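All values derive from a computational prediction rather than experimental measurement. Residue numbers count from 1 along this sequence.
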Amino acid sequence: MKKGFTFLELVFVIVIMGILAKFGTNILVTTYDSYSTSTTNSKIMADVELTLKQISNRLQYRIKDSVIAGGAAQSLTAAPAGARLIEWIGYDVDGWLGDAASTNPTWSGFIDLTDGNIAELDSPGTSTARANTVIQALRPVGSGTHIDDVAIFFTGQNADVTTDFGWYVAALNSQNNVAAHKIQDNGAQVTKLVDNSGATFAGTDIYENYKLSWTAYALSFTNLNANGVGDLFLIYDYQPWAGETIAQGTQVLLLEGVQTFRFRALGETLQVQICVNNQNSLGLNDGGYSVCEEIAIF
């Protein structure tokens with residue numbers, strides 16, 4: 001006798017396969033959506049955390065009194081709501097490392113005020129191969145290259161953020177009573193601090209602690225679209241004490257798709273928040289996916 005499926009059995013099989021196909025497709029879609037969400041979330045969080053780390057690495061070496069915001073020479077506490085620009089002057093940290101000629105740092109951060117010749121600004125603990133003076137310390141050993149437009153800052157001075165750092169003003173030609181002192185090696189006075197006219201800094205208020213700076217920095221939140229989403233840029237390699245602004249700086253893209261960029265001062269601590277919106281990144285009509293991260297920088 002030949003065996004086979006009855007019509008009823010075939011109907012049952014078709015019904016069961018239809019049920020499995022329906023729910024199986026839903027399971028696959030849900031699984032794919034979960035995977036896409038997890039992947040997108042991980043990527044956005046990694047990008048934001050990396051950006052905040054880069055920002056922190058630079059802001060922690062800032063001249064604290066130099067921080068301004070809002071595209072004007074004003075403190076963070078006076079910045080307008082929703083300000084999208086923050087600027088600061090960063091001091092050199094590589095100079096603390098020893099060089100090939102000595103295990104001492106290129107500059108020590110201390111001035112010997114008992115030396116008797118204050119104009120030369122002897123720096124105890126600086127590499128002896130560089131004559132223990134600030135300008136000699138900045139010059140490569142055996143090199144005739146002149147240093148120009150480096151700035152020295154004396155910590156402890158009460159600085160006026162609106163005038164003493166060169167923000168949005170002409171170059172600091174008279175430097176006796178400002179925070180940023182421009183070092184200009186004119187060849188004839190290689191061991192002295194000289195201003196733009198070549199004179200020594202007679203009468204300048206000098207403190208025992210100092211920092212050296214080569215550049216200012218800025219974070220700019222710009223290129224906003226109709227939804228308020230834009231790009232975050234780092235700008236560097238400009239010297240406000242020499243009359244330069246961010247227009248003369250080098251611009252590097254840090255992060256795209258930024259929805260929120262906020263910063264505020266809590267005493268001497270800076271708090272920075274970044275929110276990224278990767279709109280329609282999942283290929284669904286979900287309005288996009290957002291991640292917010294913040295960091296405190298002392």
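Residue I297 holds its CD1 atom at 11.5 Å from CZ of R58, rounded to the nearest 0.5 Å. Here the straight-line distance linking atom CZ of R84 with atom CG of L232 works out to 12.0 Å at 0.5 Å rounding.
Formation of a donor-acceptor pair under 3.5 Å by the D160 side chain with backbone atoms of D164 is not found in this model. Using a distance-only test at 3.5 Å, with no hydrogens or angles considered, a donor-acceptor pair links the side chain of Q248 to the main chain of T245.
Pairing each heavy atom of A180 with each of W241, the nearest pair is CB-CB, 3.9 Å. A pairwise comparison of heavy atoms in A69 and A79 identifies CB-CB, 3.7 Å as the closest pair. When all heavy atoms of T77 and S75 are compared, the pair lying nearest together is OG1-OG, 3.0 Å. Of all non-hydrogen atoms in W167 and A216, the two that sit nearest each other are CH2-CB, 4.0 Å. The shortest non-hydrogen separation linking A83 to G70 is CB-CA, 3.9 Å.
Neither L219 nor L266 shares a network with the other; the hydrophobic side chains, linked directly or stepwise wherever heavy atoms of I, L, V, M, F, W or Y lie under 4.5 Å apart, form separate groups for each. Transitive grouping of hydrophobic side chains (ILVMFWY, heavy atoms separated by less than 4.5 Å) keeps F233 and I89 in distinct clusters. Cluster annotation: L50 and Y236 are assigned to distinct hydrophobic clusters (Ile/Leu/Val/Met/Phe/Trp/Tyr, side-chain heavy-atom contacts under 4.5 Å, transitive). Both V93 and F153 are assigned to one and the same hydrophobic cluster, defined by single-linkage of ILVMFWY side chains at heavy-atom distances under 4.5 Å. Both M45 and L52 are part of a single hydrophobic cluster, where members link through side-chain heavy atoms under 4.5 Å apart.
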Walk me through whether L76 and L270 qualify under side chain to side chain contact (heavy atoms under 4.5 Å, CB included).
CA-CA 9 Å; L76 294 190; L270 293 181; 3.1 Å; yes
If you apply the rule side chain to side chain contact (heavy atoms under 4.5 Å, CB included), what do you find for I295 with I55, and how did you get there?
CA-CA 9 Å; I295 190 171; I55 292 173; 5.9 Å; no
Using side chain to side chain contact (heavy atoms under 4.5 Å, CB included), reason through V67 and R62 one step at a time and then give a plain yes or no.
CA-CA 8 Å; V67 182; R62 68 193 182 277; 3.7 Å; yes
Evaluate the criterion side chain to side chain contact (heavy atoms under 4.5 Å, CB included) for residue pair I68 and W88; output intermediate values, then yes/no.
CA-CA 6 Å; I68 62 173; W88 70 96; over 6 Å; no
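With a 4.5 Å cut-off on side-chain heavy atoms, Y238 and E87 count as touching. A heavy-atom distance below 4.5 Å is not found between the side chains of Y217 and L59. Side-chain contact check for S220 versus I246: every heavy-atom pair is 4.5 Å or farther apart.
For T250, there are no side chain to side chain donor-acceptor pair (under 3.5 Å) partners at least two apart in sequence or on another chain. Among residues two or more places apart in sequence or in another chain, the side chain to side chain donor-acceptor pair (under 3.5 Å) test is passed with D65 by none.
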Listed pairs under 3.5 Å, donor-acceptor, residues 253-263 side chains, sequence neighbours left out:
from, atom 1, to, atom 2, distance (Å)
R262, NH1, Q273, OE1, 3.0

